[in-house]
Amino acid sequence: MKRLNLICLLLPLSVSAQDSERILKHCASMLAANRSAQSRFFFGDKQRFRSDTQSANAQNFRQKAFNYVWSKEYEQAAVWLEKTTAVSPKEHGIVGEFYLAQFRDYPRALTHFNAYDALTPNFDDIVGYNPVSYMRGLTYRSMGNYEKSIEQFSIAIDPLAAKHGDEWVNYRHFVSRAVSYIATQQPEKALIDLEKAGKNFKRSALVQYHRGRALLLLNRTTEARTAFQDASFFFKALRAERTGDYQEDDFNPVYELEIDETLAHLKTLNR
Amino acid sequence: MNTAGSKFIKSFFVKSFQLDRCWRCSFHCALFILHYSLLFAQTPTREQLVGTWVGVHTEWDLDFACALPVYIQLDADSTYHLGMIDGSATRQTSTWAIHGESVRLDTIHYAPKLITLKNDLLRIGTNYPMVFHRFNDISLDSATVYHQLNGRVWQSDSLTLSLFANGQASLENTVTKQRTAHFWQLTLFGKSIFLLIRGNQHNRGSGYKALWQISNVSSKQMQAIGWNGCTVAAEPFRFVKNLSPSDSCRPSGFQTCDNCFRQIWAEYPLTRGQKRYDIVQLFAKYYQSVSQTGESGLVRVQFVVNCEGETGLIDINGFDEDYCPRQFNARITSQLLTICREHIATDQSIRQVDTASDLFRDVSISLAFRLKDGRITEILP
């Protein structure tokens, strides 16, 4: 009997054979991944990004901060974000964006955007793909100061549109300003912006959703319902094109469930 | 990313085994010495590399490594084998060579100094180094080894190892008393016997926990060669007692199913994309604002739900508006925790490997709330 037990213990378990093949393949892949001193592929690693042997430059500091943000170690992340801007004032823009998008810390974001904009007076500096005025507009909007947000969005949008035309304006910028117009009960202005946004991206669920909201404010319920239906359609129709958990614009999130709930509510009103 | 990472990494960790006397103080030092030594490392010679190399672990980070249940065999005739120590998968066969300072294994050409050898420890790579030790075949009688180990408790200075007759095994840290439950198995490798600890408290899957080569065994003592949390050593274990039929194999507390579990890799993205809507709605519905001036800043709630739906490793931290650690009113933190426990941890879908399967995995949840005077103003992404 003991012999039988022994055989059972010594034999690889057939149930795990598939797992073992997978493990062996992964080990072979890891051997290949270690063929050179290439970049590490996991964020949050302590080995590379938290080592004190790194040189003190803005890029390394920013990477450290990013990795602390990734692991939600906010205390350390804030320390390294501030160090980044101390080493290089040009980093105020991206640090401001971190505080806005990741920390939702609007006062700090505004401080950094202002410091960034002050580096080159009379010029609307760019943060990533957006002018700093637009980023400031998003920050004011998040703080509930819609008037100031409209002012900042307009600084980002109007000169560009006047110089090159509306088609050169990022449609998300029009949407952002429209959201502020809706919040301040100015649906007509919102609709003008959303019209322009829709021309720049014709299949946008985001644009149609906010059109629906603006039209509702004007009591144009039938048109609003069509807009929400279009939003729902675009959302579902474009699902196949999307990878992962898609958002058209992280600063103006729209949720499929939210659209469908609004539509269901409108149907109830019409009964 | 974290999900893909965790899938990619189902190799194996020695978490409780790591907790010996050397571990806390010396692991970082040992790694530092190893890294420092790499500055002077030379590519080993062909003669030095010929032989069989048994996996120790993969070093994923400064404080995180997972057991490596494979071996590399480099023959003098340039034949290369990569296989599982327990022979549970078809081994891969190819060739190997040294060209100047570069080593080639199969089709992989390693840049100079990426394969180093020190004290019979072979390190491959620097990003996520894979560590192997030289295998010396020690002929033992498998029936004798099984007879001596089965149904007994063994103890080293750092670890208590209980090998149950039904195939279950527990590893208990002698200092912290933290105990994890697994399964054990003996396997033949060459003429040697390896003791494999794998699986979790529920089943034999979920990877390997530890691998030791038994170098000798008697009724009073056994010696096992493997990673002891500090280095590869022949660790002596003394016989403690026979297990009685009434002894059960249970973990001392919460245990993840995966033996190579790391929270940051297993994080479920509740606050991103479309899922964000649900989480915002959930807290809007259940959180009752605690109106109190000064209760402002961030509260971070982290916990793990294992593949069986058990919740553990709960961690709750507060930060003030300048990101300095602080404590929040317990009415705030306990509410947040209760909502997480009752409405998030119980959601089976977050543990599901994919919607079409009944396979479940361990997941880590991390939520951060921005509060203003006791009111949730934002849930951070």
Side-chain angles (χ1 to χ4, degrees), chain A residues 2-3 5-6 8-10 12-13 15-17 19-48 50-51 70-72 74-79 101-105 107 142 244-247 250 253 255-258, chain B residues 1 5 8-11 58 60-63 68-70 82-84 86-90 92 105 108-111 114 124-130 142-143 146-147 167 185-188 204-205 207 264-265 269 272-277 298 300 302 319 323-325 366 368 370 378 380-381:
Chain A
K2 275 186 179 173
R3 217 17 110 168
N5 284 342
L6 175 63
C8 289
L9 282 165
L10 287 173
L13 296 166
V15 70
S16 64
D19 274 350
S20 296
E21 295 288 350
R22 183 176 53 81
I23 291 163
L24 195 61
K25 276 186 184 172
H26 284 167
C27 287
S29 299
M30 278 309 299
L31 283 168
N34 272 318
R35 65 155 66 87
S36 62
Q38 65 196 17
S39 299
R40 297 168 70 85
F41 44 76
F42 290 118
F43 292 108
D45 285 353
K46 293 173 186 166
Q47 188 157 315
R48 185 177 177 89
R50 304 188 190 182
S51 158
W70 179 270
S71 53
K72 291 191 165 69
Y74 296 109
E75 185 187 4
Q76 286 296 318
V79 166
Q102 301 296 326
F103 287 69
R104 308 289 165 108
D105 184 340
S142 301
D245 222 351
Y246 182 80
Q247 265 300 350
D250 285 332
Y255 304 99
E256 187 174 12
L257 198 58
E258 194 174 25
Chain B
M1 176 75 177
F8 183 71
I9 292 153
K10 302 286 182 188
S11 46
T58 303
W60 294 103
D61 208 341
L62 287 175
D63 55 359
L68 188 57
V70 299
L82 173 68
M84 297 290 289
D86 60 8
S88 56
T90 310
Q92 299 176 6
L105 301 181
I108 310 162
H109 292 262
Y110 290 90
L114 283 186
I124 299 180
T126 54
N127 293 323
Y128 301 100
M130 301 169 83
S142 56
Y146 177 73
H147 177 71
Q185 173 186 348
L186 293 179
T187 190
L188 272 173
R204 291 175 189 269
I264 199 164
W265 290 344
R272 301 191 188 103
Q274 292 297 304
K275 293 181 189 75
R276 184 172 175 80
Y277 183 72
L298 295 177
R300 187 187 63 198
Q302 294 176 309
F319 305 89
Y323 304 98
C324 294
S366 183
R370 183 167 287 284
E378 290 282 357
L380 272 57

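Residue numbering restarts at 1 for every chain, and letters A, B, ... go by the order of the sequence lines.
Between the CG atom of A:Leu31 and the OH atom of B:Tyr110 there is a distance of 4.0 Å, given to the nearest 0.5 Å. The line from CE of B:Met130 to SG of A:Cys27 is 4.5 Å long, rounded to the nearest 0.5 Å. Here the CE-CD1 distance, from A:Met30 to B:Ile108, works out to 10.5 Å after rounding to the nearest 0.5 Å.
B:Gly273 and A:Tyr255 get closest at one heavy-atom pair: O-CE2, 3.3 Å. In this structure, A:Ile23 and B:Pro69 approach most closely via the heavy-atom pair CG2-CG, 4.0 Å. Scanning all heavy atoms of the two residues, the minimum distance from B:Pro381 to A:Ala101 falls at CG-O, 3.3 Å. Of all heavy-atom pairs spanning B:Ile264 and A:Ser71, the tightest one is CD1-CB, 3.5 Å. Minimum interatomic distance between A:Tyr74 and B:Arg300 (heavy atoms only, all atoms of both residues): CE1-CD, 4.3 Å.
For chain A, the nearby part of B:Phe319 is the side chain; its heavy atoms alone come within less than 4.5 Å. For chain A, the nearby part of B:Leu298 is the side chain; its heavy atoms alone come within less than 4.5 Å. Of the atoms belonging to B:Leu114, it is side-chain heavy atoms, and not backbone ones, that fall under 4.5 Å from chain A. At a 4.5 Å heavy-atom cutoff, the contact between A:Asp105 and chain B is made by backbone and side-chain atoms alike. In this structure, chain B has heavy atoms under 4.5 Å from both the backbone and the side chain of A:Ala28.
Judged purely by atom type and a 3.5 angstrom limit, A:Arg104 has no side-chain atom pairing as donor or acceptor with the backbone of B:Arg370. Without hydrogens or angle criteria, A:Asp19 side chain to B:Gly207 main chain gives no donor-acceptor distance under 3.5 Å. Side-chain atoms of A:Glu256 never come within 3.5 Å of backbone atoms of B:Gln274 as a donor-acceptor pair (strictly under, hydrogens ignored).
Contact count versus chain B (heavy atoms, under 4.5 Å) is highest, among A:Gln102, A:Gln247, A:Lys72, A:Gln76, for A:Lys72. Each of A:Leu257, A:Val79, A:Leu24 has some count of heavy-atom pairs under 4.5 Å with chain B, and the biggest count is that of A:Leu24.
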